Structure formats: structure tokens, C-alpha cells
Amino acid sequence: TIVFDTSDGNQVAALKGEASSVAWSADGSTFMVGNSERLRFWNTADYSKEIATIPLDAQTLIIGLPREPFSPDGRSIVVLRQDDTAAIWQVEDSREVAILDGHASPLTDASFSPDGSRVATAPTDKTVVVWDVATGRKIAGLEGHEKAIEQVSFSPDGTRILTIGRDQTVRVWDAASGGAVATLRHEAKVEAAAFDRESKRIVTGADDGAARVFDAASGTEIVTLKEDGVEKVLSAAFSPDGARIATGSSDEFVRVWEAASGGQIVKLNSLSEGYGVGFTEDARIVARPHGAMGVIYTAQQQNEDIQLAD
């Protein structure tokens with residue numbers, strides 16, 4: 001595993017061992033590398049020594065990780081287990097502190113709330129469960145999807161939960177009561193959905209080649225972002241100020257759009273299918289395509305700044 005400095009593309013660390021997944025904590029202080037045998041953790045101030053290891057074996061029952069496994073403070077992770085449960089582990093002492101048991105089918109995703117006090121788990125049995133992290137108790141169940149749920153996440157303000165289902169809908173829920181707030185219907189499989197920083201709008205990407213912006217409260221579609229010939233929009237994200245949207249597509253391009261008008265600003269070659277696009281805090285665009293290379297762009301300059309490759 002190679003770690004790079006995004007400001008100049010220089011190598012920061014080379015970590016030995018097989019890797020099938022990587023993740024940073026939200027504050028950037030902890031880095032995790034996962035493979036079929038264990039999860040390994042480093043303090044990003046010094047990559048010379050692992051700070052913790054969690055085994056993936058018959059005792060821990062861990063079979064997978066959600067898209068965003070870390071708690072906001074980086075001290076805990078949530079993992080998916082073989083017995084249709086999730087578990088919370090403290091990183092520093094590699095200790096399991098809670099098992100979230102309440103589903104009757106395998107889990108597909110899980111997410112911490114912004115304050116770290118709750119976890120939402122998404123299963124194939126169509127009901128999301130919200131848990132209290134401190135006690136491991138169920139707080140609410142979110143029922144309404146007609147097919148399995150693939151992704152779950154909290155809004156930045158923690159008041160809403162966003163789910164993507166295989167029923168071609170994205171649903172918005174009240175995080176406290178579990179009540180349905182809005183249903184965002186699509187005519188194709190939905191690949192991605194994300195809130196803006198103010199939790200007022202949602203952008204989605206789907207297999208009909210379009211990204212769409214919705215009002216998070218009413219579910220009303222505000223604008224459609226589409227270029228002819230695009231088959232699938234695989235990822236989508238708002239810029240920190242909410243003025244722009246970046247999308248990654250199956251045609252190996254990243255596109256940047258005006259969030260208000262839907263007008264396309266620039267089209268960038270992402271080198272591979274754009275399964276992961278996002279913005280840094282300084283509004284640069286990060287593309288994480290398949291393969292061994294990542295790319296960072298500055299949209300204002302409309303050019304490629306840095307390639308990150310081993």
C-alpha cells in the first residue's frame with residue numbers, strides 16, 4: 001500500500017502486506033488497511049509502526065466493512081459480521097465494545113452519525129435499524145423499501161438518514177423517529193446519493209446516465225445533470241460550498257456541473273470508470289477510479305494537477 005501527499009503527489013509511506021481495502025478516519029489521524037486476514041491501523045503522523053490490528057477470523061466473525069467504517073473521532077470502527085450483525089470496535093486497544101443484533105439477513109452497509117452517538121445499519125431484509133452506540137440498543141427501524149437496501153448514511157447535521165434501495169428509490173428518513181420524509185424515485189438502478197453540506201439538497205447518480213438534484217425535505221427534483229451517450233453515473237458529490245457537483249461515470253470521465261442550473265462546467269478524463277469522486281476541503285476534485293492510479297484535479301484550472309500511482 002502506497003500513501004501519497006495530495007499537495008505534490010510525493011510518496012509518504014509504503015506499507016507492506018496485502019491490501020483489499022483502505023480507509024482514513026474523518027480527521028485524517030488514522031489510516032486503515034484491510035485484507036482477507038486482518039485490519040491494520042496506523043497513526044498518520046508516523047507510519048513506521050502499526051498502532052492496532054483486528055483479526056478477521058472465526059472468533060471475530062468479521063466478513064466486511066461498510067463504505068465509511070470510522071466513527072467521526074477516528075477512535076472506533078463499525079464492521080459487518082457473518083451472523084447478520086454489526087459490531088463496534090475500539091481501534092486503540094483492538095477491543096469489541098458492542099454487537100448490534102437485530103437483523104434477519106446479511107448487512108450491506110453501516111454508518112456512524114456525525115456526532116458518533118448512533119449507527120445505522122442497512123440489510124437485505126429492507127429495514128434499516130438505528131442503534132445507540134453507548135448501549136448497543138435499537139433506537140428506530142426505517143421501513144418502506146420494497147427491496148434490499150444497498151447504502152445508508154446520515155446527513156451532515158445528523159437529523160436525516162439517506163438510503164439507496166434496489167427498488168430504484170432513494171429514501172430520506174427522520175433520524176430521531178424513523179419516519180419517512182421523502183422518496184426519490186428513479187427509472188433505473190441508483191448507484192450513488194449524497195447530501196450537500198447544509199443537508200438541504202441531495203444528488204443522485206443512476207444507471208440511466210443521469211445525476212439528479214432533489215430538495216431533501218420535499219423530494220422534489222430540482223435539476224437533471226445529463227450528457228447524451230453516458231450510460232451510468234456511478235458516483236456524485238457536492239463541492240464544499242454547494243455550488244458545484246462532480247460526477248463519475250462509466251465512460252471514464254469526471255464531469256463538473258453547476259448545481260443550480262445543471263450546466264456542465266468541465267469534463268475530465270478519469271482514466272477508468274469513476275466509482276469514487278469527491279471534493280477536498282479546498283474544493284479540488286479527487287477521482288478514485290478502478291486500478292492502481294488516483295487523480296486530483298483543480299476544476300478552476302480545468303487540468304490535471306496530480307497523478308497518484310505506485
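Everything numeric here is computed off the predicted structure, so don't read it as measured data. One is the number of the first residue; the rest follow in order along the sequence.
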Identify the heavy atoms of Glu187 and Gln168 that sit nearest to each other, and give their distance. C-OE1, 3.4 Å
Are Arg67 and Glu150 close enough for a salt bridge, meaning some N to O gap below 4.0 Å? no
Please confirm whether the backbone N or O of Lys232 pairs with a side-chain atom of Ser250, one donor and one acceptor, at under 3.5 Å? yes
Ionic contact status for Asp215 with Lys200, cut-off 4.0 Å: no
Within one Ile-Leu-Val-Met-Phe-Trp-Tyr cluster: Val91 and Ile62, side-chain cutoff 4.5 Å: yes
More than 12 foreign heavy atoms under 6.0 Å from CZ of Arg166: is that the case here? yes
Examine Val22 and Ile54 and state if one hydrophobic cluster contains both, with Ile, Leu, Val, Met, Phe, Trp and Tyr joined whenever side-chain heavy atoms are less than 4.5 Å apart. no
Mark yes when over 12 heavy atoms from residues, nucleotides or ligands other than Glu231 sit less than 6.0 Å from its CD; otherwise mark no. no
State yes or no: do Trp257 and Ile222 share one hydrophobic cluster built from I, L, V, M, F, W and Y residues joined by side-chain heavy-atom distances below 4.5 Å, directly or via other members? yes
Nearest 0.5 angstrom please: Ser29 OG to Asp73 CG, how far? 8.5 Å
Step through it carefully: locate the ring centre of Tyr47, locate the ring centre of Trp42, and say whether they are under 6.0 Å apart. no
Surrounding CD of Glu92 (heavy atoms of other residues, nucleotides or ligands, distance under 6.0 Å), is the total greater than 12? no
Using the salt bridge (Lys or Arg N to Asp or Glu O under 4.0 Å) criterion, which residues pair with Arg38? Sequence neighbours excluded. none
For the residue pair Leu65 and Leu39, establish whether any side-chain heavy-atom pair is separated by less than 4.5 Å. yes
Could you tell me how the ring of His103 sits relative to the ring of Trp131: parallel (under 30°), tilted (30 to 60°) or perpendicular (over 60°)? perpendicular
